[in-house]
Amino acid sequence: MNLKHDVRAVARQFQIHGEFLEASPYGSGHINDTYCAVFDQGGTRVRYIFQRINHNIFKTPVALMENVHRVTAHLAAKVAGQPEANRRVLTLIPARDGKAFYRDAEGSHWRVYVFVEKARTFDAVESAEQAFKAAKAFGQFQKLLADLSAPRLHDTIPDFHHTPRRFAALEKAIAADAAGRAKLAKPEIEFALQHKAICSVLLDAKLPERVTHNDTKFNNVMLDDATGQGICVIDLDTVMPGLALYDFGDMVRTTTSPAKEDERDLSRVTMQFPMFEALARGYLSSAADCLTPAEKTFLPFSGKLITFEIGLRFLTDFLAGDVYFKVHREGHNLDRCRTQFKLVESITRQEEQMNRLVESA
Ligand code: ADP
Ligand code: GN1
Ligand code: MG
C-alpha cells in the first residue's frame with residue numbers, strides 16, 4: 001500500500017526491536033495521522049500505534065508531548081501493581097535519542113504507543129452497559145489525575161472549550177464566507193444564532209479548574225473485548241486544565257445517540273435517556289467524590305453545551321472550506337453540524353427529566 005508517510009523510515013527512529021513488516025492507516029480520528037505498524041519480534045507479530053501529530057492544529061508539539069509524557073507516567077505509577085496495569089495506560093516508546101517523540105526532516109513530530117490489544121473503540125454506542133463503562137473509565141481518568149503535581153499542564157490548544165470564543169469564530173466565518181457556502185447552511189446558521197445565550201453559562205458559573213481530558217468522545221476509550229470494561233483512555237493531546245463538565249458533556253454528545261456523528265438520516269439522531277442515565281451513573285461511580293454540588297447540577301446542561309459547541313465548530317469549518325477537521329465527502333462538516341444541532345434539540349426536550357435524574361443520583 002502507498003502510504004502518505006514513510007512509516008518504515010520513521011520506525012527506525014524509535015527503540016523498537018525486531019523487523020518492521022508493514023503499516024496501514026488506522027482508526028477514524030479527525031486530526032492526527034494514525035498508523036498501525038507490525039513488527040516481527042522473534043517470530044511473533046507485535047503491533048504498535050504510530051502517530052504524526054497535526055501541527056497545523058497543535059502548534060506546540062513539544063509542549064504537547066511533555067504533557068502526554070507526564071500524564072502517562074503519573075497514571076502508570078498510580079495503577080502499578082494492579083491487574084492489567086500495562087493495558088490500562090498508554091505507553092510511549094522512546095525515540096532513539098530517548099525523547100518521547102521524533103521530529104522528521106519535514107518538521108513533523110511522531111510518537112509511538114504500545115498497541116492496546118484485545119480491546120477496541122466504537123464510533124457509536126451499542127448498549128447502556130457500554131455507556132456506563134466508558135463513563136466510569138473517563139471518571140477514573142479524571143480522578144487519577146486530580147493529584148498531578150505542579151507545574152500546571154500546558155494548554156495545547158488555548159481556549160479549546162471557550163464556547164463564547166467558538167461562537168465568535170463562527171460569526172467571523174459567516175461574515176467572511178470564505179468558501180461561498182453560507183447560502184447552503186442557512187437553517188444551521190439561524191439555529192446557532194438563536195442559541196447564543198447558552199455559550200457563557202458554564203464559564204459564568206465559576207467552576208473549579210481541574211486536569212481534564214477535553215476530548216472524551218466515545219471512540220477515545222478502548223473497551224476490553226472480554227469484559228467490556230473501559231480498559232484504556234486514549235487520545236491524550238488535549239489533556240490540560242479544564243472543567244470536569246467538558247468531559248461529561250462530550251460523553252453525552254457522543255455516547256447517547258445511536259447514530260454516528262456524520263449520520264445523514266437525522267431521524268436516527270436522538271438523546272436516548274437510558275444511555276444518559278448509564279453515563280451519569282458510570283461517571284459518578286468513579287468521579288462523584290471529586291465533584292462539587294454545582295458541577296453535579298450542570299451535568300445535563302454540559303451535554304447540551306458541548307454538543308452545541310462542537311456543532312458550532314463543524315459549521316465554522318464548513319464555512320471556512322474544511323480547513324480543520326478531516327473530511328471524506330462533500331458537505332461532511334455540514335452533515336456533522338446537523339447531527340449536533342439535532343441532538344441539542346433532543347437534549348433540550350429531555351433536559352428537565354435529565355435534571356431530575358441527576359438530583360436524585
Ligand atoms: P485522533 O486524535 O486522530 O482521534 P486517536 O489517538 O484517537 O487519534 O487514535 C485514532 C484511533 O486509533 C483510535 O480511535 C483507536 O481506535 C486507535 N488507537 C489509538 N491508540 C491506540 C493504542 N495505543 N492501541 C490500539 N489502538 C489505538
Ligand atoms: C476531534 O481527535 P478526535 O477526532 O478524537 C477534535 C475534538 C472534537 C472531535 C469531534 C483536537 O477529535 O475536539 O470534539 O474531533 N479534536 C481536536 O468529533 O480538535
Ligand atoms: Mg481520537
Side-chain angles (χ1 to χ4, degrees), residues 23-38 46-61 64 67-68 72 86-93 110-124 134 138 155-163 166 169 212-225 230-240 242 246-247 249-255 257 260-263 303 305-317 323-328 332-333 335-337 339-340 343:
S24 46
Y26 201 76
S28 46
H30 296 337
I31 307 292
N32 294 315
D33 294 311
T34 302
Y35 297 91
C36 171
V38 188
V46 180
R47 302 199 279 181
Y48 293 87
I49 287 284
F50 279 64
Q51 280 183 323
R52 178 188 159 273
I53 299 170
N54 184 336
H55 56 242
N56 293 326
I57 286 174
F58 296 108
K59 312 276 187 205
T60 53
L64 180 156
N67 279 4
V68 172
T72 51
N86 60 355
R87 290 175 70 235
R88 288 179 55 189
V89 180
L90 285 178
T91 306
L92 282 166
I93 302 287
W110 289 81
R111 64 170 167 238
V112 179
Y113 289 120
V114 170
F115 196 101
V116 179
E117 296 287 354
K118 301 193 177 82
R120 56 170 289 212
T121 54
F122 296 78
D123 288 335
F138 282 127
D155 289 300
T156 57
I157 299 182
D159 296 327
F160 191 57
H161 280 298
H162 194 295
T163 320
R166 296 292 189 183
T212 50
H213 183 285
N214 297 304
D215 189 6
T216 54
K217 70 177 180 188
F218 187 52
N219 69 13
N220 283 334
V221 58
M222 302 202 61
L223 304 184
D224 184 87
D225 290 343
I231 189 87
C232 188
V233 169
I234 62 168
D235 205 342
L236 307 179
D237 298 321
T238 53
V239 179
M240 59 183 155
Y246 297 154
D247 286 357
D250 208 35
M251 294 179 219
V252 176
R253 177 182 84 81
T254 57
T255 321
S257 171
K260 288 192 186 163
E261 188 178 70
D262 60 358
E263 173 64 57
L305 182 71
I306 297 299
T307 307
F308 181 60
E309 180 190 280
I310 310 300
L312 294 178
R313 291 177 59 198
F314 287 141
L315 181 55
T316 304
D317 200 34
V323 294
Y324 187 98
F325 297 104
K326 285 185 184 173
V327 288
H328 307 291
H332 208 164
N333 273 315
D335 290 341
R336 291 170 176 151
C337 162
T339 61
Q340 304 307 290
L343 196 58

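Numbering of ligands and ligand atoms starts at 1, following listing order.
- For a distance bound of 2.8 Å, the N, O or S atoms of N220 include one lying that close to the Mg ion (ligand 3).
- Closest approach between the Mg ion (ligand 3) and any N/O/S atom of D235 involves OD2.
- A cation-pi arrangement, defined by a distance under 6.0 Å to the six-membered ring centre and an angle within 45 degrees of its axis, is absent between R52 and F50.
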Could you please spell out the steps behind the salt bridge (Lys or Arg N to Asp or Glu O under 4.0 Å) verdict for R88 and D224?
CA-CA 10 Å; R88 288 179 55 189; D224 184 87; over 6 Å; no

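- Residues L90 and D235 come closest through the heavy atom pair CD1-N, 4.2 Å.
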Dump the pairs for me: ligand 1 N or O, protein N or O, distance under 3.5 Å, to 0.1 Å.
| from | atom 1 | to | atom 2 | distance (Å) |
| --- | --- | --- | --- | --- |
| ligand 1 | 2 (O) | N32 | ND2 | 3.3 |
| ligand 1 | 2 (O) | D235 | OD1 | 3.1 |
| ligand 1 | 2 (O) | D235 | OD2 | 2.9 |
| ligand 1 | 3 (O) | N32 | N | 3.2 |
| ligand 1 | 4 (O) | D235 | OD2 | 2.9 |
| ligand 1 | 6 (O) | Q51 | NE2 | 2.8 |
| ligand 1 | 7 (O) | N220 | OD1 | 3.0 |
| ligand 1 | 7 (O) | D235 | OD2 | 3.0 |
| ligand 1 | 8 (O) | Q51 | NE2 | 3.3 |
| ligand 1 | 9 (O) | Q51 | NE2 | 3.3 |
| ligand 1 | 14 (O) | N219 | O | 3.2 |
| ligand 1 | 16 (O) | T121 | OG1 | 2.9 |
| ligand 1 | 23 (N) | V114 | O | 3.1 |
| ligand 1 | 24 (N) | V116 | N | 2.9 |

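- Listed for the R87 side chain is a donor-acceptor partner under 3.5 Å among the backbone atoms of E117.
- Of all heavy-atom pairs spanning E309 and F160, the tightest one is OE2-O, 3.9 Å.
- Remark: the backbone N or O of H213 is paired with a side-chain donor or acceptor of D247 at under 3.5 angstrom.
- Look at D215 and the Mg ion (ligand 3): no N/O/S atom of the residue is under 2.8 Å from the metal.
- Smallest separation of non-hydrogen atoms from N214 and T238: ND2-O, 2.8 Å.
- Applying side-chain hydrogen bond (donor to acceptor under 3.5 Å, both in side chains) to K326 and the options D33, N333, N54 leaves one that passes, D33.
- For R111 (side chain) and V68 (main-chain N/O), no donor-acceptor pair under 3.5 Å exists by modelled atom type.
- Only one option out of I234, V221, V116 pairs with T121 in a side chain to side chain contact (heavy atoms under 4.5 Å, CB included); it is I234.
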Which atom pairs, nitrogen or oxygen on both sides, join ligand 2 and the protein at under 3.5 angstrom?
| from | atom 1 | to | atom 2 | distance (Å) |
| --- | --- | --- | --- | --- |
| ligand 2 | 2 (O) | D235 | OD2 | 3.3 |
| ligand 2 | 4 (O) | H30 | N | 2.8 |
| ligand 2 | 4 (O) | K217 | NZ | 3.1 |
| ligand 2 | 5 (O) | D215 | OD2 | 3.0 |
| ligand 2 | 5 (O) | N220 | ND2 | 3.1 |
| ligand 2 | 5 (O) | D235 | OD2 | 2.9 |
| ligand 2 | 12 (O) | D215 | OD2 | 3.1 |
| ligand 2 | 13 (O) | R313 | NH1 | 2.9 |
| ligand 2 | 14 (O) | R253 | NH2 | 3.3 |
| ligand 2 | 18 (O) | H30 | NE2 | 3.3 |
| ligand 2 | 18 (O) | K217 | NZ | 2.6 |
| ligand 2 | 18 (O) | E261 | OE1 | 3.0 |
| ligand 2 | 18 (O) | E261 | OE2 | 2.6 |
| ligand 2 | 19 (O) | R313 | NH2 | 2.8 |
| ligand 2 | 19 (O) | Y324 | OH | 2.5 |

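- No option in T34, D262, D123 other than D123 meets the side-chain hydrogen bond (donor to acceptor under 3.5 Å, both in side chains) test with S28.
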